[in-house]
*Asks:* 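This is the structure, below, for whatever I ask next.
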Amino acid sequence: MDLIAQIRGVLPSLPKAEQRVATTILGDPAALATYTITDLAAAAHTSEATVIRFCRSIGLSGHRQLRLRAAEAVARRPSTPDPKVVGGDIPAGADMPRIIATIGFHDTRAVSDTVEQLDPAVCTKVVDALANAGRVDVFGVGASGFVAADFHQKLHRIGRTANCWTDVHAALTGAALLKPGDVAFGITHTGETHDIVDVLKLAADRGVTTVALTNFPRSTVSGVVDHVLTTAAGETTFRSGATASRIAQLTVVDCLFVGLAARGRQRTADALAATAGAVKDRRRSSR
């Protein structure tokens, strides 16, 4: 997994002192290659012992391995037209070309980073559960609700019995009627949305297969579900709940949908043809 995406994913779960190390690295990953452990500790306003604890928190043996992983990550990442602007927050007074470049860069990177770290084995298990489910309920609120609706629409188009719940009361009542063999699929970027966590807990208590799609693998939701799928989208000051996180979520949803559709190609083809035929007369003729 790309080190920068990995650090972003665990950042909220780290102790405050280790978070300072993480944000220092994220602020200038290239500089890490030149830092001694003393330099990094000073830049993060912490101790060398904290740097070592940070390395262990993200599964590394120490500072040497951290430097190597950072160098690999920087070498693999695309360069930006203006690293001071396009790679980070949109500064005050930024003109429209810079805003467009920044948005485009973050959205593109969200997809590439998500695909790079997505676990095929977990995706396969989720597709297995979806393929064998009597019913699939998809849950999401706020910005994640749009992704939940998209996933529901995809499942519906290929003849799968599915529901989408974006209101917590409806979600809880829906989860209360799920049965073993069904799938509860929750989407929450932060992994800390109480509504989604509570719904998935209820579904799990009923013996339902539970899945969470989140950006943070150590978040609360990850501890209550059977399968965790992760995105790798960074958010900036003006873009909390931004398109980058939704595009990353949609990328994972597309992977699951295609994997599921490929399990029964003829059934999928028949369902798509039938649903397309049902609405074809609703479009204006090009003639």
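Hydrogens, waters and symmetry mates are skipped; everything else that's a heavy atom, side chains included, is used.
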*Asks:* Between the main-chain N or O of A41 and the side-chain N or O of T46, is there a donor-acceptor pair closer than 3.5 Å?
*Replies:*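 The answer is no, because no donor-acceptor pair under 3.5 Å joins these two groups.
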*Asks:* Please tell me whether I247 and V253 are part of a single hydrophobic cluster in this structure, the criterion being side-chain heavy atoms less than 4.5 Å apart.
*Replies:*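 Per the 4.5 Å side-chain linkage, I247 and V253 are not co-clustered.
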*Asks:* With sequence neighbours excluded, give me every side-chain hydrogen bond (donor to acceptor under 3.5 Å, both in side chains) pair touching residues 52-61.
*Replies:*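 Matches after skipping sequence neighbours: E18-S57, T50-R53, S61-Q65.
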*Asks:* Do T243 and R246 have side chains that get closer than 4.5 Å, going by heavy atoms?
*Replies:*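 Yes, close enough: below the 4.5 Å cut-off.
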*Asks:* Under 4.0 Å between a side-chain nitrogen and a carboxylate oxygen: does that hold for K201 and D205?
*Replies:*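 Judged by the 4.0 Å cut-off on N to carboxylate O distance, K201 and D205 do not form a salt bridge.
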*Asks:* Taking side chain as C-beta onward, heavy atoms only, is T220 less than 4.5 Å from H194?
*Replies:*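 With C-beta onward as the side chain, the pair stays apart.
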*Asks:* Any link between F146 and I103 through a network of hydrophobic side chains (Ile, Leu, Val, Met, Phe, Trp, Tyr) touching at under 4.5 Å?
*Replies:*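 No: no chain of side-chain contacts under 4.5 Å links F146 to I103.
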*Asks:* Just by distance, do the side chain of T34 and the backbone of A31 share a donor-acceptor pair under 3.5 Å?
*Replies:*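 Yes; judged by distance alone, with no hydrogens or angles, the pair exists.
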*Asks:* When rounded to the nearest 0.5 angstrom, what distance separates CD in E116 from CG in L118?
*Replies:*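 One finds 11.0 Å between CD of E116 and CG of L118.
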*Asks:* Would you please test V126 and F185 for side-chain contact (heavy atoms from CB on, under 4.5 Å) and show each step?
*Replies:* CA-CA 10 Å; V126 173; F185 192 105; 4.3 Å; yes
*Asks:* Return yes if some donor-acceptor pair links the side-chain N/O of R206 with the main-chain N/O of A176 below 3.5 Å, else return no.
*Replies:*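 Yes: the side chain of R206 pairs with the backbone of A176.
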*Asks:* Of all the heavy-atom pairs spanning F257 and K154, show the shortest one and how long it is.
*Replies:*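 That closest heavy-atom pairing would be CE1-O, 3.4 Å.
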*Asks:* Check for me, please, whether V136 and V252 land in the same ILVMFWY cluster - side-chain distances under 4.5 Å, paths through other members count.
*Replies:*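 Linked, V136 and V252 end up in one cluster.
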*Asks:* Got a second to check how far L3's CG is from I58's CD1, nearest 0.5 Å?
*Replies:*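 Between L3 CG and I58 CD1, I get 5.0 Å after rounding to 0.5 Å.
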*Asks:* Any donor and acceptor pair, going by atom type alone, linking the side chain of S222 with main-chain N or O of P217 inside 3.5 Å?
*Replies:*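 Side chain of S222 to backbone of P217: a pair is present.
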*Asks:* Which atom pair, heavy atoms only, marks the closest approach of T209 to A129?
*Replies:*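 Reported closest heavy-atom pair: CG2-CB, 3.9 Å.
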*Asks:* Between T214 and T188 (side chain of the first, backbone of the second, donor and acceptor by atom type, cut-off under 3.5 Å), is there such a pair?
*Replies:*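 Between the backbone of T188 and the side chain of T214 there is a qualifying donor-acceptor contact (under 3.5 Å).
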*Asks:* As an exercise, state the distance from CG of D119 to NE2 of H227, rounded to the nearest 0.5 Å.
*Replies:*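 Result: 11.5 Å between the selected atoms.
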*Asks:* Following the transitive rule for hydrophobic clusters with a side-chain heavy-atom cut-off under 4.5 Å over Ile, Leu, Val, Met, Phe, Trp and Tyr, establish whether I187 and V168 coincide in one cluster.
*Replies:*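 No; tracing contacts between hydrophobic side chains, which count when under 4.5 Å, never links both residues.
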*Asks:* List the atom of A184, the atom of V208, and the distance in Å for their closest heavy-atom pair.
*Replies:*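 The answer is N-CG1, 3.6 Å.
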*Asks:* Do the non-hydrogen side-chain atoms of Q117 and T230 ever get within less than 4.5 Å of each other?
*Replies:*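 They are in side-chain contact.
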*Asks:* Go through the steps for V224 and T210 under the test side-chain contact (heavy atoms from CB on, under 4.5 Å), then give the verdict.
*Replies:* CA-CA 8 Å; V224 303; T210 51; over 6 Å; no
*Asks:* Is there a side-chain contact between V138 and V147 (heavy atoms, below 4.5 Å)?
*Replies:*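 V138 does not reach V147 side chain to side chain.
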*Asks:* What's the separation between atom CG in D198 and atom CD1 in I196, rounded to the nearest 0.5 Å?
*Replies:*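 That separation rounds to 9.5 Å.
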*Asks:* Is any side-chain heavy atom of R69 less than 4.5 Å from a side-chain heavy atom of E72?
*Replies:*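 The answer is yes, as the side chains (C-beta and beyond) meet within the 4.5 Å cut-off.
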*Asks:* Output yes when a side-chain donor or acceptor of R267 lies under 3.5 Å from a complementary backbone atom of G159, and no otherwise.
*Replies:*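 Between the backbone of G159 and the side chain of R267 there is a qualifying donor-acceptor contact (under 3.5 Å).
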*Asks:* Count I, L, V, M, F, W, Y as connected when their side-chain heavy atoms are under 4.5 Å apart, and connections chain through other members. Are V141 and V197 then in the same cluster?
*Replies:*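 As far as the 4.5 Å side-chain criterion goes, V197 and V141 are connected within one cluster.
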*Asks:* State, yes or no, whether a side-chain contact exists between V21 and I25 at a heavy-atom distance under 4.5 Å.
*Replies:*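 In short, these two side chains touch, coming nearer than 4.5 Å.
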*Asks:* Can you name the closest pair of heavy atoms from V10 and R218 and give their distance?
*Replies:*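 That would be CG1-NE, 3.6 Å.
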*Asks:* Does Q249 reach the main-chain N or O of S144 with its side chain, forming a donor-acceptor pair under 3.5 Å?
*Replies:*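 Such a contact is absent between Q249 side chain and S144 backbone.
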*Asks:* Can a donor-acceptor pair be found, under 3.5 Å and without considering hydrogens, that links the side chain of R157 to the backbone of T275?
*Replies:*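 Not confirmed, R157 side chain does not pair with T275 backbone.
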*Asks:* Taking the side chain as every heavy atom from C-beta outward, state whether I37 and I52 have any pair of such atoms under 4.5 Å apart.
*Replies:*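 Sidechains of I52 and I37: in contact.
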*Asks:* Assess the residue pair R160 and L260 against the criterion (side-chain contact (heavy atoms from CB on, under 4.5 Å)); give the C-alpha distance rounded to whole Å, side-chain angles, the decisive distance to 0.1 Å, and a yes or no.
*Replies:* CA-CA 10 Å; R160 300 287 174 170; L260 179 61; 3.8 Å; yes
*Asks:* Can you see which heavy atom on F216 is nearest to which on H189, and at what distance?
*Replies:*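 Taking F216 first and H189 second, the nearest heavy atoms are CD1-O, 3.3 Å.
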*Asks:* For T161, does its backbone N or O pair with a side-chain atom of R135 as donor and acceptor, under 3.5 Å?
*Replies:*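 The answer is no, because no donor-acceptor pair under 3.5 Å joins these two groups.
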*Asks:* Are D254 and T251 linked by a side-chain donor-acceptor pair shorter than 3.5 Å?
*Replies:*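 No, because no side-chain N or O of D254 sits under 3.5 Å from a partner of the opposite role on T251.
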*Asks:* Run the side-chain contact (heavy atoms from CB on, under 4.5 Å) check on T190 and S219 step by step: do they pass?
*Replies:* CA-CA 7 Å; T190 64; S219 57; over 6 Å; no
*Asks:* A148 and F139: which non-hydrogen atoms are nearest, and at how many Å?
*Replies:*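 Closest heavy-atom pair between A148 and F139: CB-C, 4.1 Å.
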*Asks:* Please determine which of V183, V228, D226, L200 meets the side chain to side chain contact (heavy atoms under 4.5 Å, CB included) test together with V211.
*Replies:*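 So, applying the side chain to side chain contact (heavy atoms under 4.5 Å, CB included) to V211 and each of V183, V228, D226, L200, only V183 qualifies.
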*Asks:* Roughly how far apart are E48 CD and T38 OG1, rounded to 0.5 Å?
*Replies:*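 So the gap between those two atoms works out to 3.5 Å.
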*Asks:* Does any N or O in the side chain of N163 come within less than 3.5 Å of the main-chain N or O of D137, such that one atom is a donor and the other an acceptor?
*Replies:*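 The answer is no, because no donor-acceptor pair under 3.5 Å joins these two groups.
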*Asks:* Calculate, to the nearest 0.5 Å, the distance between atoms CZ and CD1 belonging to F54 and I7 respectively.
*Replies:*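 Reported to 0.5 Å precision, the distance equals 4.0 Å.
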